[in-house]
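What follows is a single structure, written as structure tokens, with notes after it.
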Amino acid sequence: MREAGVNLVSLGIFSWSRLEPQEGKFDFAWLDRIMNLLHEGGISVDLATATASPPPWMSHAHPEMLPVLADGVRLWPGGRQHYCPSSSIYRDGTRRLVDALATRYAEHPALVMWHVGNEYGCHVPACFCDVSARAFRKWLTERYGDIAGLNRAWGTDFWSQRYSSWDEVLPPRRTPTWPNPTQQLDFMRFSSDELLECYEIEHRILTERTPNIPVTTNFMRFFKPLDYWKWAEREDIVTDDVYQDPLDPEAGMHAAMAGDLMRSLGHGKPWLLMEQSPNRVNWREVNAPKLPGQMRLWSLQALARGADGVMFFQWRQSRAGAEKFHSAMVPHGPTQSSPTWHEVVQLGAELRGLDALRGSRVPANVAILFDWESWWALELPSKPSNRIQQVAQLEAFYRPLFEANVTADFARPTDDLSGYKLVVAPSLYMVSDAGAANLAAYVEKGGNLLMSFFSGIVDVNEHIRLGGYPQPFVRVLGLQVLDWVPLGDSEKVAIEFADAGKGSNYRATGDIWAELIEVHGADVIATFASSHLNGSAAVTLNRFGAGTAQYVSTQLDPIALENLVRSACARAGVSPVMNVPAGVEAVQRDMADGSLLFLLNHGAATVEIAVPGGAVSLNGGKAMRDGRLHLEPRDVAILRRSEAGAPA
Ligand code: GLA
């Protein structure tokens, strides 16, 4: 580990059956030895609470703690994460174990962080058993007070679903056809909260025993089942697991987006890349290796996007078990002949030279609105089209920003948006009254909003907002949507943009979805030029108060969307971090006494970049000649600029 520059180790994540081989009987001898060994080697420990995989004796004695799927199938032990989040057997077991661990290691000098559970919800995001049903009823009672409140919120007069007592209420188990949509939505809210309560049970014990040790649990990028906005509030540091697919041509963009989300979840605070693979994983159909330099590229990219550290799953590749073909820092064979090991060692040495970035912040002038509850609601079944998917819609707007090297944060509709020059709202289907009012006030006070189709449709109960779509934004946008026109798989609509600048029009296409719009004061920027929509507005721009609100009623083709996003940035006064050749990502981190400019070449060609005057390369300074930097494919340069661009 010292050779690889390791200074922090996540320890004991799946070791409950070792730590507590029988109920109430603990064996810490082996863990003592490893904790001491690491400490003597100058390595700190992110100690796991080990609660992600209950030991076989527990489910053997109490099979009722095992999780149950919506169709009644029980999930058995033999894998991992086989617990019902509401089970008192599981919860009492975690209390006992965490208490014992925290008591034993509270004063251990190697302990610097607690790692609660592991990837909550990864395999079992929800349980539908009778115990869960009781917990769900309790959660609903707290939300609605009485059964009449629940009947109103769930709209139970539809299909004769009116409940006369709480005992009749169930999780959305497998039904003949769609279960009640609000029941499904509430069950997603409940399931995220119920797992969060498992985390909280452990968190409370840890903060009581070790008030100065930060607590985290590892996230999984855009993981649908858990509302990470809520979860992140309960963590001292946000940590994330990122497993890019080397076969994904947009892997760089996807990881940047995840990094921006993690930074935003912590409200700008540095986060930690908790897990990535040194080379290939074992869980895809085809597990392609990372190309030489790719692991370094993606590691440094996490730093660029606001991480203060980079870790791996896993240290040593196992001989046995389900993950023996997953790569590790230490491979099955000799380290000396392993290219992966050499890359790991090089990265460790390089990271040692980057201490200056710790604690620095990534500035962003653009916010993309993203709300887990709206995501859940948007993707419930029985919609005008199932082709509007939340993450794909976020990506559609993120992509041109990424390609233009404009850094974006993610934010909720209710967040303080006043610091952003541009706010993008991709298909924000569900919005609370407070969120809608906040967005309107943001524009009125001079903000710039870019909103896309099927936004503002329902309230928090998933009831349609009546009075004309998108009801809460009709005035802000200066239009009304009269009808939706979902498009088939291969169907496209033609669009004509009036290009005022050049005095000529240009054509684009729309995909997935279109809308029939009645303009109430907004300027028409583009019109549909085919189908029955011919001549009606496709893209509009409205002035509202001191700000602007742009609306896009279809999924524009990538070039048209890029033009639109660039012009929205220009209108809002948002400029790129730096103009660099295509394929190069440029991100800035601000320190107290200057900034760090990350230039990451995701492309397949060597590029030349004119570096800003006075910049000094932190990672080797290679190939800087005549103020030009030669960046090979997958290479990264980190340039330090002192205050006001003067030489550092
Ligand atoms: C997740 C888990 C690890 C391991 C890796 C494999 O990140 O946290 O335990 O299973 O996936 O990629």
Side-chain angles (χ1 to χ4, degrees), residues 6 8-19 34 45-55 75 77-83 85 94 113-125 195 198-199 202 215-226 228 231 235 237-248 251 254-255 258-259 261-262 265 271-290 294-295 298-299 302 307 309-332 340 343-344:
V6 171
L8 181 63
V9 163
S10 299
L11 187 58
I13 298 179
F14 294 101
S15 59
W16 193 345
S17 64
R18 274 257 183 179
L19 290 169
I34 297 172
V45 173
D46 162 39
L47 187 56
T49 60
T51 52
S53 191
L75 301 178
R80 60 178 178 183
Q81 222 177 71
H82 46 280
Y83 62 84
T94 65
M113 184 154 80
W114 286 111
H115 184 104
V116 177
N118 191 67
E119 293 192 339
Y120 273 98
C122 162
H123 308 300
V124 184
L195 278 168
C198 291
Y199 167 86
E202 301 191 25
V215 181
T216 192
T217 184
N218 44 348
F219 289 166
M220 292 164 282
R221 319 212 271 188
F222 288 80
F223 181 64
K224 188 173 172 186
L226 302 187
Y228 282 158
W231 280 67
E235 291 190 310
I237 178 169
V238 171
T239 59
D240 196 29
D241 298 349
V242 181
Y243 290 94
Q244 298 99 320
D245 186 352
L247 298 179
D248 171 10
H254 288 132
L261 176 64
M262 293 305 137
L265 290 172
W271 54 283
L272 185 62
L273 179 59
M274 177 60 78
E275 290 184 19
Q276 62 166 340
S277 61
N279 191 350
R280 72 174 67 74
V281 299
N282 65 308
W283 41 263
R284 294 193 173 100
E285 280 302 305
V286 174
N287 298 297
K290 289 186 176 172
Q294 210 154 40
M295 184 274 283
W298 290 338
S299 299
V310 170
M311 296 172 78
F312 292 94
F313 172 82
Q314 53 190 332
W315 170 244
R316 188 186 300 279
Q317 195 166 15
S318 21
R319 299 178 69 175
E323 292 184 326
K324 57 185 169 294
F325 290 109
H326 194 293
S327 62
M329 298 161 83
V330 178
H332 287 145
T340 305
E343 290 200 33
V344 163

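Just follow the structure's listing: the first ligand is 1, and inside any ligand the first atom is 1.
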How far does CD of E235 sit from CG of L265, to the nearest 0.5 angstrom? 8.5 Å

Answer yes if the ring centres of W231 and Y120 are under 6.0 angstrom apart, and no otherwise. yes

T49: what forms a side chain to side chain contact (heavy atoms under 4.5 Å, CB included) with it, not counting sequence neighbours? T51, V98, W114, V116, E202, L206

Tell me the closest heavy-atom pair linking K290 and S277, and the distance in Å. NZ-O, 2.6 Å

Heavy-atom donor-acceptor pair, T239 side chain to T217 backbone, under 3.5 Å: yes

For ligand 1, give me the residues whose heavy-atom distance to it is below 4.0 Å, by chain and number please. F14, R80, N118, E119, D241, Y243, E275, W283, F313, E323, H326

Under the 3.5 angstrom rule, does the side chain of N118 hit a backbone N or O of F14 as a donor-acceptor pair? no

